[in-house]
Amino acid sequence: MLNAVIEGIIEDSQDQGWVLEPDAKRLLGEAGVAVPNFAWCHTEADALNAADRIGYPLVAKVVSVSIVHKTDVDGVAVGVAGPHELSEHYRRFSRMQDFNGILIDEMVSGRELIIGGKIDFQFGPVVLMGIGGTAVEIYQDAAIRMAPLQAHDIESMIADLRGNRLLTGYRGQAPISIPHLTRVMLRMSELLLALQDRIESLDLNPVFCSDQHCIVADARIILKK
């Protein structure tokens, strides 16, 4: 599971105590977890060139060691439609504290899930899967299992969710791809076990799942002090 790239990302992030999102996505890609096409850009020109490659509309996010929760500072722009709008966001982000570039993300769609893992002081590595979206804090619909996970654990976690019909097909909507979700969950479990001595938590939120994919749109890795 671990390789030189993953080890290097963790080591280079020690001083700040967490892994910046572009590096977190690179780490996940190395671990076999699907992420959107993305680019970490440090100039406005680079951002515009990357956007041409990835394609509009897209998602733009600020990158800063001082901004863990980007939405709290209006550091995320979804549905950026063209170069003029992207330039405006780049200039706005560049005025934020400890600005370290802009993340350009391909837009993806599907049912929103939350997948998380943490190192519990009593039980060790535990993995969470829950229904995401704008009402996540209201419904608090999640299932938790201890790592390592097996394929049957993911099936059981889905069944435990009150909103599981949103995933298995509801009112004519296609069910999500359970094999793709299972792959993400198993890779998450393996990564959590491999890094349990070096991280506190690993949060994938949101994860967009459809009948064709499960793609991690945002990721945060908090390191042990």
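Note that this is a predicted model, so its numbers are computed, not measured.
Among the candidates V73, L20, D72, the single residue satisfying the side-chain contact (heavy atoms from CB on, under 4.5 Å) test with I67 is V73. Evaluated for a side-chain contact (heavy atoms from CB on, under 4.5 Å) with I115, the options L204, L202, L128, V33 yield exactly one hit, L204. When each of L181, V184, L166 is tested with L113 by the rule side-chain contact (heavy atoms from CB on, under 4.5 Å), just one qualifies, namely L181.
A donor atom on one side chain and an acceptor atom on the other are not found under 3.5 Å apart for D153 and S156. No side-chain donor from either of R183 and H180 sits under 3.5 Å from a side-chain acceptor of the other.
A pairwise comparison of heavy atoms in D105 and A217 identifies OD2-O, 3.7 Å as the closest pair. Scanning all heavy atoms of the two residues, the minimum distance from Y56 to L48 falls at OH-CD2, 4.2 Å. Contact between S109 and S210 at its shortest, heavy atoms only, is O-CB, 4.4 Å. Shown here for S189 and A147, the closest heavy-atom pair between the two residues is OG-CB, 3.6 Å. For I154 against T182, the heavy-atom pair with the smallest separation is CG2-OG1, 3.8 Å. Nearest heavy atom pair, residue D197 against residue K224, reads O-CD, 3.6 Å.
Placement of I119 and L149 within a single hydrophobic cluster is found when ILVMFWY residues are connected by side-chain heavy-atom separations under 4.5 Å, directly or transitively. Tracing side-chain contacts under 4.5 Å through hydrophobic residues (I, L, V, M, F, W, Y), one reaches L28 starting from L2; they form part of the same cluster. I54 and Y90 fall within the same hydrophobic cluster, defined by Ile, Leu, Val, Met, Phe, Trp and Tyr side-chain heavy atoms under 4.5 Å apart, directly or through other members. Residues L223 and V5 share a hydrophobic cluster, clusters being chains of Ile/Leu/Val/Met/Phe/Trp/Tyr side chains in contact below 4.5 Å. There is no path of hydrophobic side-chain contacts, each under 4.5 Å, that joins V62 to V76.
Counting only distance, with no hydrogens or angles, the side chain of D211 and the backbone of P175 share no donor-acceptor pair below 3.5 Å. Here the side chain of N164 pairs a donor or acceptor atom with the backbone of L161 at under 3.5 angstrom. Distance alone, capped at 3.5 Å, places no donor-acceptor pair between the D98 side chain and the S64 backbone.
Residues C41 and I104 form a side-chain contact, since some pair of their non-hydrogen atoms from C-beta on lies under 4.5 Å apart. Between M129 and I114 there is no side-chain heavy-atom pair separated by less than 4.5 Å. By the 4.5 Å heavy-atom criterion applied to side chains, I199 and I222 are not counted as neighbours. The closest side-chain heavy-atom distance from N100 to W40 is below 4.5 Å. With a 4.5 Å cut-off on side-chain heavy atoms, D218 and K70 count as touching. The side-chain heavy atoms of L195 and I10, taken from C-beta on, include a pair separated by under 4.5 Å. Counting only heavy atoms from C-beta outward, the side chains of I102 and L86 approach each other to under 4.5 Å. You'll find the side chain of C209 reaches within 4.5 Å of the side chain of V207, heavy atoms only.
One finds a salt bridge joining R198 and E7 here, because a Lys/Arg side-chain nitrogen approaches an Asp/Glu carboxylate oxygen to under 4.0 Å. A salt bridge does not link E21 to R220: none of the charged nitrogens lies less than 4.0 Å from a carboxylate oxygen. In summary, K118 and D203 do not engage in a salt bridge, as defined by a charged side-chain N under 4.0 Å from a carboxylate O. D160 and R145 are joined by a salt bridge, as a carboxylate oxygen and a charged side-chain nitrogen come within less than 4.0 angstrom of each other.
Distance CD1/I215 to NZ/K25: 10.5 Å, rounded to 0.5 Å. From I176, atom CD1 reaches atom CZ of F208 across 13.0 Å, with rounding to the nearest 0.5 Å. For the atom pair CG (L193) and CE (M146), the distance works out to 10.0 Å, reported to the nearest 0.5 Å. Expressed to the nearest 0.5 Å, how far CG of N205 lies from CD of E112 amounts to 8.0 Å. Rounding to the nearest 0.5 Å places CZ of R171 at 8.0 Å from CZ of R165. Rounded to the nearest 0.5 Å, atoms OG (S177) and NE2 (H213) are 9.5 Å apart.
Residue-environment remark: NE2 (H152) exceeds the threshold of 12 foreign heavy atoms within 6.0 Å.
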Working for side chain to side chain contact (heavy atoms under 4.5 Å, CB included), residues V59 and K61: CA-CA 7 Å; V59 180; K61 305 177 185 179; 3.8 Å; yes

Worked check of side chain to side chain contact (heavy atoms under 4.5 Å, CB included) between I131 and L167: CA-CA 9 Å; I131 302 295; L167 309 182; 4.1 Å; yes

